[in-house]
Amino acid sequence: QVQLVQSGAEVKKPGASVKVSCETSGYFFTDYYLHWVRQAPGQGLEWMGWINPHTGGTYYAQKFQGRVTLTRDTSISTAYMEVSRLRSDDTAFYYCARDRQLSVPDAFDIWGQGTMVTVSS
Amino acid sequence: DIQMTQSPSTLSASVGDRVTITCRASQSISTSLAWYQQKPGKDPKLLIYQASSLESGVPSRFSGSGSGTEFTLTISNLQPDDFSIYYCQQYNTFSGYTFGQGTKLEIK
């Protein structure tokens with residue numbers, strides 16, 4: 001079945017970087033956009049950006065431009081999200097999620113299980 | 001950027017009730033609107049897309065309506081499993097996928 005499986009929890013110090021992976025299975029990796037969404041403890045959902053796995057093209061929410069990098073490896077059907085210059089307010093669950101379509105914007109029908117990133121000195 | 005405003009923030013109801021959650025967009029988004037349910041410690045689950053289309057496997061007691069700037073999620077005959085947090089999301093363009101702040105549906 002269609003699955004997105006993310007890498008495990010991370011603990012990082014302020015100023016460091018973190019890279020989270022999202023391994024996909026059960027569908028053609030290049031046929032659907034992948035998004036990244038974060039959720040701080042007790043807070044709502046915040047969209048970060050997307051990657052087009054077919055072209056490698058990316059788009060970032062303004063808040064995350066310059067500090068977040070989305071990449072993919074089509075040979076292993078895996079997407080990555082890297083956040084640099086981590087701050088304490090980056091402590092959150094990070095989710096990857098699949099867009100329902102490639103050709104037009106759509107809802108997110110499959111989500112990863114989430115990766116907790118804790119930033120603490 | 002398009003802002004999404006949900007109301008109410010918290011809603012108390014009983015099993016068997018019918019409830020409605022509202023989501024307003026700061027500008028027209030046609031029907032590019034989704035609803036998600038999220039339980040504590042879990043990833044969100046897609047309920048409704050394109051404002052009123054029910055995702056496969058979602059019970060028919062969930063329904064969505066609206067277009068333009070005003071949208072509603074209605075849950076009929078509330079079941080114990082429905083007490084969760086609900087989020088709306090707009091996806092009008094590839095340059096923004098904004099979520100509402102969430103509505104917590106709790107047992108009265």
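Per chain, numbering begins at 1; letters A, B, ... match sequence-line order. The structure presented is a predicted model; accordingly, all values stated were derived computationally and were not measured.
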Would you say that B:Ser7 contacts B:Arg24 through its side chain, given a criterion of any heavy-atom pair below 4.5 Å between the two side chains?
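In short, these two side chains touch, coming nearer than 4.5 Å.
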A:Arg67 vs A:Val83 side-chain heavy atoms within contact, under 4.5 Å:
yes
Under a 4.5 Å heavy-atom cut-off, does chain B meet the side chain of [X], its backbone, both or neither?
| X | answer |
| --- | --- |
| A:Gln43 | backbone |
| A:Val37 | side chain |
| A:Tyr95 | side chain |
| A:Tyr33 | side chain |
| A:Asp106 | both |

Chain B contacts, top residue of A:Arg100, A:Met116, A:His35 (heavy-atom pairs, under 4.5 Å):
A:Arg100
Which residue out of A:Gln62, A:Glu46, A:Gln39 racks up the most heavy-atom pairs below 4.5 Å with chain B?
A:Gln39
Could you tell me which portion of [X] (side chain, backbone, both or neither) has an atom closer than 4.5 angstrom to a non-hydrogen atom of chain A?
| X | answer |
| --- | --- |
| B:Thr98 | neither |
| B:Tyr87 | side chain |
| B:Gln90 | neither |

Between A:Tyr59 and A:Gln65, do the side chains contain an N or O donor and an N or O acceptor separated by less than 3.5 Å?
no
Ranked by heavy-atom pairs below 4.5 Å to chain A, first place among B:Gly102, B:Ser95, B:Ala34, B:Gly41 goes to B:Ser95
Hey, can you tell me if B:Phe94 and A:Trp50 have their rings parallel, tilted or perpendicular (30° and 60° cut-offs)?
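Geometry flag for A:Trp50 against B:Phe94: perpendicular rings.
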Going by the angle between their ring planes, with limits at 30° and 60°, are A:Phe108 and B:Phe99 parallel, tilted or perpendicular?
perpendicular
Can you see which heavy atom on B:Gln38 is nearest to which on B:Lys42, and at what distance?
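In this case the closest contact between B:Gln38 and B:Lys42 is NE2-O, 2.8 Å.
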Please give me the minimum heavy-atom distance between B:Cys88 and B:Leu33, naming the atom from each residue.
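Distance-wise, the nearest heavy atoms are CB-CD2, 4.1 Å.
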Establish, yes or no, whether a centroid distance under 6.0 Å links the rings of A:Trp111 and B:Tyr36.
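Yes, the ring centres sit under 6.0 Å apart.
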